Structure formats: structure tokens, C-alpha cells
2 protein chains.
Amino acid sequence: MSDTGAGSGGSGESLLFLTDEQLRKGIEAMFFAYRGFTADPDRILQKHGYGRAHHRAVHFIHRTPGTTVNNLLSVLGVTKQSLNRVLRTLIEDGLVESRVGQRDKRERHLYLTLAGEALEQALSDAQRARMRAAYRTAGPQAVSGFRQVLEAMMDPEMRRHFAATRDGDQ
Amino acid sequence: MSDTGAGSGGSGESLLFLTDEQLRKGIEAMFFAYRGFTADPDRILQKHGYGRAHHRAVHFIHRTPGTTVNNLLSVLGVTKQSLNRVLRTLIEDGLVESRVGQRDKRERHLYLTLAGEALEQALSDAQRARMRAAYRTAGPQAVSGFRQVLEAMMDPEMRRHFAATRDGDQ
DNA sequence: GATTTTATGTCAGTCTTGTTGACTTTCCAA
DNA sequence: TTGGAAAGTCAACAAGACTGACATAAAATC
């Protein structure tokens, strides 16, 4: 999946003249778009007294129910102290359940409670709505390119985490 | 899960069948890619004792020399107090020069010094290198789509800021 | 069985960067 | 000329990242 998506073979395709100006526009596009990308969930989170860190935790626990703390750490790329602060509040608030592992009792497996799923739903609905609108505006061709460039921009380890889940559209 | 995004009928272009799963992948792609996007500058900044906020200020002052603090505020989307702390250190360290406005003496016009330009160069070189590599990997078709989706994802006000500068590739 | 490693959690302290509130200087308009 | 608005600064606080040290329990290894 990480091999060049250029695919269609022609060597003429590699004649990509990228001026610094074009690259700068790409950089600013990432900056401005990421703000839009987080704006809707941020508003919802604020009402609950949570931050982006909580969103990320909830998102990835939803994506991979039963994931361990260590797993989550490597996906999120933060320290355990940092994650722990977030998880503690989520557990106290009854959004996340932490179950001792059966095979390995040192591990804690994380699950969203019904309340946790409800918050995840609200957050991801908002984010998906924006993503869907952007996709619709840009069209299917653009969606494919969008994903290809983003994947190529990741660090290899992140790309592994990214590719680790089912997909469906490529 | 929630509503599966099906084409709303109508025009041929809207035959975009977007499952929640596909949208979730797009969301995660943004998350992971943004980390890669900021990783290289972050390493450079750390050596200088700066953070991302400094990078953003330096970037936009470079882009629009002579911009006022207020201008910068609306682009960056933070409070003036927050920006001020960053600007103060940059001015103290001799990377940014603040000149009192001629027409309106309340305004401060911001410029990068030679040292400031040097840091900007180092930061944007690193970021452009990654962007260029991603573009090359993904191909020209993908680059166009990437930009289209990102622009569609921005809030309208950010889109204005984004579109406000010269472009070159579209 | 003893030791080491691993997984997790906690406490304390620092740093960046966001926030609000209060203030000064400057401009402009009634 | 006076009062309000705008631009910018200073101070204090909060979220959330970090490091470092330490505790506990379980698994793995010797």
C-alpha cells in the first residue's frame, strides 16, 4: 500500500514541477484544514469539559475495542502519564471501562461504555459530516488523491497503524 | 452505526458512496498525517527552545511581511495575548522586528530579521521536503485532489485567508 | 525459586500554549 | 474635548504535553 500510487506507469508523470510557492500552499492547506477538521468536535468536547486528548482516546478505543493501554500509547504517540490522566477521567466519568486481561493480568483492556459510545457517536458524526461534505465538494477523484498524499506524508510507524485496519475503498 | 452516507441522488457526480468506515479512514489519515507534517519542524524548533506557535508566527510573517498583529491574529485564530507572548520572545531573540505603524501608530508591523528568515528557511525546507516527497509518491493527480479536499474542509473564514495569497498551480 | 522484564499506574514538577481580565496608548468621531 | 473603540501589553491561570522517580503485579527468564 505504501508503494507509489503513481501506478499508471508513464515516466512523463514524474515531471512534477513543484515550486516552493506551490509547496507552501500545500503546507498552509494542511494548517487551515486541520483547524476545520477539529473545530466541530472541539465545540462538543468543550460542553463536556473534555479536550482533544479525550477525543483521540475515545476514537481509538471505539475503533479497536479491548485495546490495551500500551497499544493505545503507540497509536497516540504520547506518554503513559499523559494518556493516564485522560483515561482516568474517562473511567471515573463512566465513559470507558478498563478490564483486567484474562491471558495476561497485567494488561488492561479498554472498552467504551454505552455513554462512551454515545459521546463517540456525537463526535464522529460531526467530524464525518464535515469530511463527507468536503468529499462531495471535491469529488471521488479528489478523495483518492487526498488519501494518497496523506498516507505518503505519514511517518512509517504511523502508516503501519493507519494501514492496520479494514478499509473498503482502496 | 449511524447513517451510511449514500449518494443523495441528483447529479451524476454525487454518486459517492461513502461508508462510515471510509470516512473514518479519512479522519484517521488526517490525524496521522498531521503528525508527520509537524514532526520535522518540531525537531528543529526544539533545538531552539521554540514551539509550534513560534513556527506559525514566523511562517505567516514571512509570507506577509509587514503584517500587523491584528492581521496575524485573525489568520492564526488565537487570542492576542497568546500571540503576544510568542512575538515577545521572537522579538527579544532578534528574529522578528516590530515597527510602529506610520499611518496608525497603534499598529505594529512585523518583519523577519535575517536571523528570522534563516530559521524560517530551515523550518520550511524541512516541511517542504516532506511535502514534496509525498507529492512525488502520490503523483500530480493526487496532489490536485489533496488540495481540493483540504480546501473544502476549511471553515469559510480560513478559506478566505488561504485563498488570499498567490498560488501558481491551480 | 530468585531475578529481571513488562504493563500499568501514580506523584511531582516543568514547559508550551491556550484562556480571561485589567491596563495603556492611540485614534476617531460626536 | 471628551468618550469610546482599537491595538497592543502585562499578569495570572488552565489544559495538556513532557520528564523523572517510584510502586505494584504478573509474566518471563535464569
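Note that the structure is predicted; figures quoted are calculated from it, not measured.
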Decide ring pair (Phe, Tyr, Trp, His ring centres under 6.0 Å) for A:Phe31 and B:Tyr34; before the verdict, give the C-alpha distance in whole Å, the side-chain angles of both, and the deciding distance to 0.1 Å. CA-CA 9 Å; A:Phe31 171 69; B:Tyr34 199 78; 7.9 Å; no

Report yes if some heavy atom in the side chain of B:Leu112 is under 4.5 Å from a heavy atom in the side chain of B:Glu120; otherwise report no. yes

Please determine if a side-chain N or O atom of A:Arg108 lies less than 4.0 Å away from the OP1 or OP2 oxygen of C:dA7. no

Using five pairs at each end of the helix from C:dG1-D:dC30 to C:dA30-D:dT1 to define an axis, what is the angle between those two axes, to 10°? 10°

Given A:Thr38, which partner from the list A:Gln127, A:His55, A:Arg52 fulfils the side chain to side chain donor-acceptor pair (under 3.5 Å) test? A:Arg52

Separation of B:Leu73 atom CG from D:dA7 atom C1', in whole Å? 9 Å

If we only count heavy atoms from C-beta on, is the B:Phe37 to A:Ile27 side-chain gap below 4.5 Å? yes

Using a 4.0 Å cut-off on heavy atoms, which residues in residues 39-55 of chain B reach DNA chain C? List them by number, or say none. B:Gly49, B:Gly51, B:Arg52, B:Ala53, B:His54

Rounded distance in Å - CG (A:Leu110) to P (C:dA7): 14 Å

When you look at B:Leu23 and A:Tyr135, which way does the side chain to side chain contact (heavy atoms under 4.5 Å, CB included) test go after all the steps? CA-CA 9 Å; B:Leu23 292 166; A:Tyr135 277 6; 3.9 Å; yes

Taking B:Asp104 for the side chain and B:Arg106 for the main chain, is one N or O donor matched with an acceptor at less than 3.5 Å? yes

Does a side-chain N or O of B:Asn70 approach OP1 or OP2 of D:dA6 to a distance below 4.0 Å, or not? no

Is B:Glu28 salt-bridged to B:Lys25, cutoff N-O under 4.0 Å? no

Whole angstrom value for the distance that separates P of C:dA7 from CG of A:Leu72: 15 Å

Is the NZ or CZ atom of B:Arg99 positioned over B:Tyr111's six-membered ring, under 6.0 angstrom from the centre and within 45° of the axis? yes

Any residue in residues 92-105 of chain B with a heavy atom nearer than 4.0 angstrom to DNA chain C? Just list them by number, or reply none. B:Asp104, B:Lys105

Considering only NZ, NE, NH1 and NH2 on the basic side and carboxylate oxygens on the acidic side, decide whether A:Asp155 and A:Arg160 come within less than 4.0 Å. no

Restricting to nitrogen or oxygen on both sides, can you table the protein-nucleotides 1-5 of chain C pairs closer than 3.5 Å?
none

Determine all donor-acceptor pairs shorter than 3.5 Å in which one atom belongs to a side chain in residues 79-89 of chain B; sequence neighbours excluded.
{"unit_1": "B:Thr79", "atom_1": "OG1", "unit_2": "B:Ser82", "atom_2": "N", "d": "3.3"}
{"unit_1": "B:Thr89", "atom_1": "OG1", "unit_2": "B:His54", "atom_2": "NE2", "d": "3.3"}
{"unit_1": "B:Thr89", "atom_1": "OG1", "unit_2": "B:Val86", "atom_2": "O", "d": "2.9"}

Distance-only polar pair, side chains of B:Thr113 and B:Glu117, donor-acceptor under 3.5 Å: no

Whole-Å gap separating P (D:dA17) and CG (A:Asn84): 13 Å

Taking N or O atoms only and anything under 3.5 Å, show me the protein contacts with nucleotides 18-24 of chain D, one pair per line.
{"unit_1": "D:dC18", "atom_1": "OP2", "unit_2": "A:Thr79", "atom_2": "N", "d": "2.8"}
{"unit_1": "D:dC18", "atom_1": "OP2", "unit_2": "A:Thr79", "atom_2": "OG1", "d": "3.0"}
{"unit_1": "D:dG20", "atom_1": "N7", "unit_2": "A:Gln81", "atom_2": "NE2", "d": "3.3"}
{"unit_1": "D:dG20", "atom_1": "O6", "unit_2": "A:Gln81", "atom_2": "NE2", "d": "2.9"}

If you measure from the Lys or Arg side-chain nitrogens to the Asp or Glu carboxylate oxygens, is any gap between B:Arg128 and A:Asp20 under 4.0 Å? yes

As an exercise, state the distance from CD1 of B:Ile61 to CZ of B:Arg63, rounded to the nearest 0.5 Å. 12.0 Å

